[in-house]
Amino acid sequence: MVMEKEIIVGVSDFSLADTLECGQCFRYWKVEEQEYLIASGQKMIRVRQKENELTFYDASSEKVLNYWSNFFDINRDYGKLKQTLSAEDAIMAEAIAFAPGVHILKQDFFECMISFILSQNNHIPRIKKMVETLCQTYGTLLGEGRYGFPTAEQMQGATEEKLRELGMGFRAKYIMDAIKKANSGQLPLADLVQMETEELRNKLLSIYGVGRKVADCILLFSFGRHEVFPTDVWVKRVMSYYYFQKEEVPLQEIFQLAQEKYGDNAGFAQQYLFHYARKNGIGKKGG
DNA sequence: ATCCAGGATCTCC
DNA sequence: GGAGATCATGGA
C-alpha cells in the first residue's frame with residue numbers, strides 16, 4: 001500500500017480539460033486552470049495536469065490510482081489510434097487536431113445510464129444541474145460539498161412524483177424504470193459485462209426511456225464497447241454534411257459508413273466528431 | 001422572449 | 001412501419 005498524498009503519473013496524447021469537457025461526463029468542477037475535482041460513481045478525486053504529467057491529490061492507495069487510471073483510459077495508445085483514424089480522411093484529421101487530447105472515459109454504469117436518460121431532449125448545462133440534484137438528494141456526501149452519484153439502492157425510495165418535483169420532467173418515469181430494473185436484479189453487472197454488444201444493447205433497450213442513442217452512449221462510455229457509434233443530432237449533422245453533402249441522412253446509412261470507415265474505433269471517432277461539431281456549430285444554420 | 005436541447009415514445013395512417 | 005406530435009424545463 002503506497003501512501004503518498006500526491007501521486008504523479010506520466011501521460012501522453014491526453015488533455016484532462018478536453019476529456020472532461022467534451023460532453024461525455026457531467027460530474028466535474030474546474031478548480032483552476034488545468035485542475036479539476038472529478039466524481040465518478042461514489043468516488044471523487046482532485047487532478048491537475050501539467051503538460052504530460054497528471055497529479056492525483058489524496059490518491060492514497062494503488063487501488064485508488066488504478067480506478068482513476070482506468071477511468072481516464074490512460075494506458076491506451078491514443079497516438080496510434082489517432083494516426084489510424086486521421087489517415088481515414090481530412091475531416092477526421094481535422095476533428096482530431098481540434099482536440100487531440102480527448103480520451104473515452106470508463107464510467108460507472110448506473111451513473112452513466114441515468115445521466116444519459118436525462119440527456120434526451122436536453123442541454124448539457126442543464127443535464128449537469130439535474131445530475132447534481134439527484135446526487136444531492138439521494139447520494140452520499142463525499143467531501144468539499146460534493147456528493148456521490150446515488151446507487152440504485154439509494155434511489156429505491158424515489159417516486160415519479162418526487163423526481164418530477166426535483167425537475168426531471170418527463171424523464172422521471174424513465175428513471176423509475178431504470179431504478180426498478182436495477183434493484184430487481186434485471187441488470188446484473190457481472191453478467192452484462194460478459195454479453196456481446198448486440199445482446200447488451202437489446203438488454204439496455206428494454207429499459208423504458210432508453211432508445212438507440214442512449215443505449216449506445218452507455219455501451220461506449222461505461223462498457224468500453226469502442227466499436228459503437230452513438231449518433232445524436234450533432235454527429236448526424238456532421239456526418240450528413242461532410243460525407244453525404246446532405247442536410248440529413250438516414251441513421252442506418254450513417255451507421256454503415258461509420259462501421260466501414262472507423263470499424264472497431266468508431267466510438268473514438270464519434271467523440272472527436274461530436275466535440276468538433278458542437279464547438280464549431282457544424283451543420284447548424286450558418287455553420 | 002421564445003427557441004430548442006447528446007431523444008424516446010405514442011399516435012395516427 | 002414511417003412521419004409527426006408530444007413531452008417538462010430552463011439555459012441561451
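To find a chain, count down the sequence lines: A is the first, B the second, and so on, and within it residues start at 1.
- One atom, CG of A/Leu204, and another, P of B/dA8, lie 12 Å apart when rounded to the nearest Å.
- Closest to the side chain of A/Phe274, from the set C/dC7, C/dT9, B/dG6, is B/dG6.
- Taking the side chain as every heavy atom from C-beta outward, A/Leu273 and A/Met92 approach each other to under 4.5 Å.
- With B/dA8, C/dA8, B/dC4 as the choices, the nucleotide that has an atom nearest any side-chain atom of A/Lys213 turns out to be B/dA8.
- Using P as the reference atom, C/dA5 and B/dC3 are 16 Å apart when rounded to the nearest Å.
- Of the P atoms belonging to C/dG10 and B/dA8, the separation is 22 Å, rounded to the nearest Å.
- When the nucleotides C/dA8, B/dT9, B/dG6 are ranked by their closest atom to the side chain of A/Tyr208, B/dT9 comes out on top.
- Look at B/dA5: its Watson-Crick or wobble partner, with both distances under 3.5 angstrom, is C/dT9.
- Atom NZ of A/Lys279 and atom P of B/dG6 are 11 Å apart (whole Å).
- A/Gly209 comes within contact range of the sugar-phosphate backbone alone, with a heavy-atom separation under 4.0 Å but no base atom that close.
- Nucleotide C/dT9 holds its C1' atom 13 Å from the CD atom of A/Gln120, rounded to whole Å.
- Residue-level contact check: A/Lys128 touches neither bases nor backbone, having no heavy atom under 4.0 Å from any strand.
- B/dT2 atom C1' lies 12 Å from atom NE2 of A/His123, rounded to whole Å.
- Comparing B/dG6, B/dG7, C/dA8 by their closest approach to the side chain of A/Ile124 singles out B/dG6.
- With hydrogens and angles disregarded, no donor-acceptor distance shorter than 3.5 Å links the side chain of A/Arg146 to the backbone of A/Gly143.
- Picking from C/dG11, B/dA8, C/dA8 the nucleotide with the shortest atom distance to the side chain of A/Pro125 gives C/dG11.
- Rounded to an integer number of Å, the gap from A/Leu251 CG to B/dG7 P is 12 Å.
- Nucleotides B/dG6 and C/dT6 place their P atoms 23 Å apart, quoted to the nearest Å.
- Here the C1' atom of nucleotide B/dG7 and the CZ atom of A/Phe170 are 7 Å apart, to the nearest Å.
- If you measure from atom NZ of A/Lys173 to atom P of C/dT9, you get 11 Å, rounded to the nearest angstrom.
- Minimum atom distance to the side chain of A/Tyr174 is reached by B/dT9, of the listed C/dG10, C/dA8, B/dT9.
- Using modelled atom types, no side-chain atom of A/Ser40 and backbone atom of A/Lys43 make a donor-acceptor pair closer than 3.5 Å.
- Membership of the apolar cluster around A/Met44 extends to A/Trp29, A/Val31, A/Leu37, A/Leu142, as traced through chained side-chain contacts below 4.5 Å between ILVMFWY residues.
- Remark: A/Asp89 engages A/Lys261 in a salt bridge, criterion side-chain N to carboxylate O under 4.0 Å.
- Residue-level contact check: A/Arg212 touches the backbone only, with heavy atoms under 4.0 Å from sugar-phosphate atoms and none from bases.
- Here the closest non-hydrogen pair linking A/Ile175 and A/Met155 is CG2-CE, 4.2 Å.
- For A/Asn121, taking side-chain heavy atoms from C-beta onward, the closest of the listed nucleotides C/dC7, C/dG11, B/dA8 is C/dC7.
- Per the stacking criterion (ring centres < 5.5 Å, plane angle < 30°), A/Phe116 does not stack onto the base of B/dG6.
- Toward the 5' end of DNA chain B, the nearer of the two residues A/Ile207 and A/Asn122, judged by each one's closest nucleotide, is A/Asn122.
- Across the protein-nucleic acid pair, A/Ile104 atom CD1 and B/dG6 atom P stand 17 Å apart, rounded to whole Å.
- A centroid separation of less than 6.0 Å is found between the aromatic rings of A/Phe14 and A/His103.
- Between the P atoms of B/dT2 and C/dA8, the separation comes to 22 Å (whole Å).
- For A/Arg171, the side-chain atoms get nearest to C/dA8 when compared with the rest of B/dT9, C/dG11, C/dA8.
- For A/Val214, the side-chain atoms get nearest to B/dA8 when compared with the rest of B/dA8, B/dG6, C/dC7.
- If you check every strand for non-hydrogen atoms under 4.0 Å, A/Glu165 touches nothing.
- Residue contacts shown for A/Phe26 are absent, as no nucleic acid heavy atom lies under 4.0 Å away.
- In the set B/dA5, C/dG11, B/dG7, C/dG11 carries the atom at the smallest distance from any side-chain atom of A/Lys129.
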